[in-house]
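This report concerns only the one structure given below.
In this text, all values refer to a predicted model and were calculated from it rather than measured experimentally. Numbering of ligands and ligand atoms starts at 1, following listing order. Sequence positions, counted from 1, serve as the residue numbers for this chain.
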Amino acid sequence: MLYSIKVRTSLNEKHISGAERIVSKYKIPEVVRKLLERQQHKEFDFSNIKIEKLSQKPIILKKSLKIETFEFKDFKGAINFALDLISKQTNISLEIAKNHIELLYKGASPDGNNMRGAMIVNEKGQRLEKDKFRGVRTVLVDFIDRDKITEKLIKKGYTERTVDALALATKNLNFDGFIAEFCISDDEDYTTGYLAIDGKYIRLKPLKPYGLDKGGRVYFVKSDINIDELYNYLENIPILIEDVDG
Ligand code: COA
Ligand code: AMP
């Protein structure tokens with residue numbers, strides 16, 4: 001039987017980091033230890049570890065999205081590149097994509113802070129999150145053999161962050177009616193972002209200016225998507241990924 005392990009830490013009630021793994025019971029102590037070591041160098045005043053038995057068998061995906069990387073002189077060039085891809089490859093207009101993506105750089109929550117999850121936008125430009133402060137969070141996803149995948153990706157010059165975000169984006173794009181995901185971190189010193197679209201995880205460097213503590217995700221979806229089914233898939237259906245593409 002498989003278990004989900006979720007760790008989150010915060011400082012002054014502000015979320016700092018989160019991580020999730022899906023492992024068999026005998027691996028729990030080792031994986032918890034590794035997750036705790038990861039947060040060792042961070043300043044925090046609260047940490048929560050949650051271990052839950054999965055209530056259903058995970059869906060197995062053979063391959064992750066295919067990773068590509070593009071570098072730009074500045075983040076504006078990268079945003080324009082992403083907007084161009086979205087407007088040419090999907091039914092989302094340039095204007096709708098631009099308006100919602102720009103919100104992430106200002107703080108997309110109605111109070112001007114970062115949202116605690118992703119914004120959901122359909123082809124008509126309608127916002128579909130049930131709570132615009134919170135958004136939706138994708139959970140219950142991992143690689144079957146995370147150590148092997150991490151080693152493979154680090155050898156190719158990617159980071160652990162890539163492993164986490166690649167898993168999350170792969171789960172997202174697997175849902176029928178999910179068109180694309182645009183992401184910038186809320187860490188002020190992490191400027192690489194990505195666009196996940198059409199089977200690809202496209203890393204864009206840099207996608208935000210250094211020193212900006214704003215970030216977030218936009219999930220672009222079809223207008224006829226069933227929002228309750230999307231929430232259920234993202235929050236409750238476990239996904240395990242076998243390998244990376246390429
Ligand atoms: N951002 C901001 N706040 C968060 C958060 C996040 N990612 N995850 C949890 N919180 C805070 C919120 O205040 C939340 O309350 P809310 O549900 O009203 O928003 C509260 O913690 C409890 O959240 P919960 O969903 O119960 O947390 P959890 O213990 O199930 O853990 C995480 C969820 C942290 C594992 C998950 O959100 C996460 O971050 N997974 C890893 C994602 C990842 O790999 N990202 C790629 C990195 S590039
Ligand atoms: P991160 O990639 O962890 O730097 O998170 C960047 C932004 O993505 C956060 O500010 C949230 O708005 C959003 N986010 C964080 N975790 C999740 C998640 N599990 N699912 C969807 N959106 C998330």
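Not a single heavy atom of Asp164 lies less than 4.0 angstrom from ligand 2. Heavy-atom separations between Tyr219 and ligand 2 include at least one value shorter than 4.0 Å.
Counting non-hydrogen atoms of neighbouring residues, nucleotides and ligands closer than 6.0 angstrom, the NZ atom of Lys63 exceeds 12 such neighbours. Atom CD of Glu13 sits in a sparse spot, with 12 or fewer heavy atoms from other residues, nucleotides or ligands closer than 6.0 Å.
For ligand 1, the atoms closer than 4.0 angstrom to any heavy atom of Arg8 are 9 (C), 20 (C), 21 (O), 22 (C), 23 (O), 27 (O), 28 (P), 29 (O), 34 (C).
Polar contact check, Cys183 against ligand 2: no nitrogen or oxygen pair lies under 3.5 Å apart. Residue-to-ligand polar distances place Arg217 within reach of ligand 2: an N/O pair is separated by less than 3.5 Å.
For atom 44 (O) of ligand 1, the closest non-hydrogen atom of the protein is Asp164 CB, 3.4 Å. The closest protein non-hydrogen atom to atom 14 (C) of ligand 1 is Arg137 NH2, 3.4 Å.
The residue Leu234 has no part lying near ligand 2, judged by heavy-atom distances below 4.0 Å.
Ionic pairing of Lys66 and Glu68 is not present here: no N-O contact between side-chain nitrogen and carboxylate oxygen is shorter than 4.0 angstrom.
Cation-pi geometry between Arg217 and Phe182 is not met: the NZ or CZ atom fails to fall both under 6.0 Å from the ring centre and inside 45° of the normal.
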Problem set entry | salt bridge (charged side-chain N to carboxylate O under 4.0 Å, His left out) between Lys34 and Asp147, intermediate numbers included | CA-CA 11 Å; Lys34 278 194 191 155; Asp147 290 344; 3.3 Å; yes

